[in-house]
Protein chains: 2
Amino acid sequence: MARRDRVGITDVAAKAGVSVTTVSHVLSSRRPVSEATRAKVLAVIEELDYRPNELARSMRARRTHTVGVIVPDITNPFYTAAFRGLQEAVAPAGYHCIVTSTDAERSVERDVVRQMLTRVDGIVMSGADKRLEDVQPVVDAGVPLVLLGADLTGGFDVVTNADEESGAVAAEYLVGRGYRRIAFLSTESEPAARRLAGYREVVSPPEELIVPVAESLEGGARGMATLAGLAEPPDAVICGNDVMAIGAMYEAADRGLRVPDDIAVMGFDDIDAAALVSPRLTTMATASREHGQVAGEMLLRRMNDDGAGEPRRVVFPAKLIARDSA
Amino acid sequence: MARRDRVGITDVAAKAGVSVTTVSHVLSSRRPVSEATRAKVLAVIEELDYRPNELARSMRARRTHTVGVIVPDITNPFYTAAFRGLQEAVAPAGYHCIVTSTDAERSVERDVVRQMLTRVDGIVMSGADKRLEDVQPVVDAGVPLVLLGADLTGGFDVVTNADEESGAVAAEYLVGRGYRRIAFLSTESEPAARRLAGYREVVSPPEELIVPVAESLEGGARGMATLAGLAEPPDAVICGNDVMAIGAMYEAADRGLRVPDDIAVMGFDDIDAAALVSPRLTTMATASREHGQVAGEMLLRRMNDDGAGEPRRVVFPAKLIARDSA
DNA sequence: GGCGTCACGCAAATCGTCTTGCGAGCCGGT
DNA sequence: ACCGGCTCGCAAGACGATTTGCGTGACGCC
């Protein structure tokens, strides 16, 4: 590929008429350098557009100024926003991010982690269905780790969402608005299960009002159909996430049901589309960006202020976004 | 941080009772090794969970198996999907991705590029408003580059979208459906300008039908308001992107205008919400994921099959997603 | 016994930078 | 003339692996 011969520290030294030692010391301030030579060296560095080879530096210093980020699906807005926040937190400290989307494949994830271990200073793993065995290799390697969106306990920090509380808040909100028969469209995913649990604590519903569906637009629609067919249909429904909620609203519209007059609909996540559908969807937001930000800050601490210390756990509180659908 | 003492190649050699040379050779197959010792070495590697230090390897080999990705905003679904495609293309070849979201800040971008140059084998830069001067440093450094979403010419590959054609196709579609007065809500952005140009070639509209607005939900709404107030209002409107189109539909609904009966609405991008609003939005899709995939493949070629050769240019054709709003 | 092949070890060089002990000039002060 | 500070050069060692020329036993074959 004939990568153009990079200018090295020796080139700078030669051109500036000093030794590499001195150039290095100008850069690191590890030894005093006279103002005159410092200026000279900096001028040459500027002129030659010299950038120290980060690889060599990393090798010597045993730190790469890089953090590894593992997400199940970067296409999912939650992870995207979290990554954004994470980067905002670590970039000012000079850290880059290696990102890998694993499709939630455990084998892929394992390989990626192994590869990463020798090239990053810390790792952020995300995904609601993480197990201890998935993250153990990182802990064993002594690499700082922050878990995002899952809630495990081990030698690492955790930042997650108050899903259960969130489910409860949603239910309470509906109760407060006067709804009496509140249904829940649930799925098998971890967060949905916790949201369901929170809802249960508030309303103790008859089992027929809890309908398991697929985590999709169609799933939501089918759930709404099932509920509408009940002998005694609900007057409100909480859906495992916003996409399902939107699907449910469609089905309601198809059946001539008015939202929220005939049936109220709530979702979770506050995706972009939630504010764009009509009626605008009332939902429980997740502070995804803040998740990432906090994860980044925690990781920085572990990587710099020398990471020992108790594992920490940050849980983001539920946040209601009241709009028109409930 | 007391990173646990990593096992090195010497540890493996010692435990296997062979020399580092041999261990290295079973890994690289650069010299023949007897089946017996190869097995022994591999067993020890497994047992010790040895992973060669990628940094040292990269340094020696002068290649990092890492590509740098620069996007204006990773939160934007277009770039997210493109990144997904990119990763799908390069991961099988053993490449990682360093991703940085620059907020389209030129200064940030410049710094990031400089940092990246010493640690990646290739770079993908994206953003519609790239200028030659932004990418020149990469070319100068002799690092393979692929530009995504912008259309410049230089010593690098380009993959972009047929925005102009896309605008023309949208206009033709409306004409074909019998619409006669077709308006356009435009913004200052590059892609929007090209889409507008395509539309102009098809309909040669009176100037009053081209209304410049802000690139947002509100912008779309205001644009619709303006058009509705015209002495002779349009019967269709093409919006610079889907978000504006959705805003326009809202305003139409507020004014009692039925879409598409009273006025048809089209957008660009095919964002998630486009399929979720009602009526479902007819729009021109961008094959974002494919953009990334192709970019990845092009970059791989440059990095491996030894990159010389004519710069290549891939333009994705327009793709109409016909739904209910037009 | 001579010779060729195999399989492997040894040791040195490389990648580009940082770190450090040991001096060596130089200058000013006494 | 001596001494203490400064400023800087020299040279060697690390970081952890890859690569290679040169040997050297072992073994088999003629």
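Just so it is clear: chains get the letters A, B, ... in the order the sequence lines come, proteins before strands, and each one is counted from 1.
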With no hydrogens and no angle check, is any side-chain donor or acceptor of [X] less than 3.5 Å from a backbone partner on [Y]?
X      : Y      : answer
B:S28  : B:R30  : yes
A:R60  : A:L55  : no
B:E88  : B:Q293 : no
B:D121 : B:R63  : no

Among all residues two or more places apart in sequence or in another chain, which pass the salt bridge (Lys or Arg N to Asp or Glu O under 4.0 Å) test with [X]?
X      : answer
B:D103 : A:R84
B:E297 : none
B:E133 : B:R131
A:R114 : B:D49

Any A:H96 side-chain heavy atom under 4.5 Å of A:H65 side chain: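 Answer no - side chains too far apart.
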
Under 3.5 Å, which donor-acceptor pairs do the side chains of residues 122-130 of chain A form with other protein atoms, sequence neighbours left out?
| from | atom 1 | to | atom 2 | distance (Å) |
| --- | --- | --- | --- | --- |
| A:S126 | OG | A:I70 | O | 2.8 |
| A:K130 | NZ | A:E109 | OE1 | 3.1 |
| A:K130 | NZ | A:S126 | O | 3.3 |

Those residues of residues 12-20 of chain B lying under 4.0 Å from DNA chain C by at least one heavy atom: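 Only B:G17, B:V18, B:S19 qualify.
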
Sub-4.0 Å heavy-atom contacts from residues 22-36 of chain A onto DNA chain C, ordered by number: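 DNA chain C contact set from residues 22-36 of chain A: A:S24, A:H25, A:S28, A:R30, A:R31.
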
Look for any protein N or O under 3.5 Å of an N or O in nucleotides 4-6 of chain C and output each such pair with its distance, or none.
none

For A:V20, side chain to side chain contact (heavy atoms under 4.5 Å, CB included) partners two or more places apart: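 Partners of A:V20 by the side chain to side chain contact (heavy atoms under 4.5 Å, CB included) criterion, ordered by chain and then number, come out as A:I9, A:T10, A:A13.
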
Side chain to side chain contact (heavy atoms under 4.5 Å, CB included) against B:E54, all qualifying residues, sequence neighbours excluded: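 Once residues adjacent in sequence are excluded, the partners of B:E54 under the side chain to side chain contact (heavy atoms under 4.5 Å, CB included) criterion are A:T118, A:R119, B:R57.
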
What does the list of N/O pairs under 3.5 Å between the protein and nucleotides 13-16 of chain D look like, with a distance for each?
| from | atom 1 | to | atom 2 | distance (Å) |
| --- | --- | --- | --- | --- |
| D:dG13 | N2 | A:R60 | NH1 | 3.4 |
| D:dG16 | OP1 | A:R62 | NH2 | 2.4 |
| D:dG16 | N2 | B:A56 | O | 3.4 |

Touch class at under 4.0 angstrom, heavy-atom based, for A:T37 against every strand present: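 Result for A:T37 = sugar-phosphate.
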
Starting at [atom1] of [X] and ending at [atom2] of [N], how long is that distance when rounded to a whole Å?
X     : N      : atom1 : atom2 : value
B:R63 : C:dG16 : CZ    : P     : 15 Å
B:D11 : D:dA17 : CG    : C1'   : 13 Å
B:H65 : D:dA17 : NE2   : C1'   : 14 Å

Distance-only donor-acceptor hits, side chain of residues 144-155 of chain A, under 3.5 Å, sequence neighbours excluded:
| from | atom 1 | to | atom 2 | distance (Å) |
| --- | --- | --- | --- | --- |
| A:D151 | OD1 | A:R313 | NE | 3.0 |
| A:D151 | OD2 | A:R313 | NH2 | 2.7 |

Presence of donor-acceptor pair under 3.5 Å, side chain of B:T21 and base of C:dA11: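 A donor-acceptor contact between them is present.
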
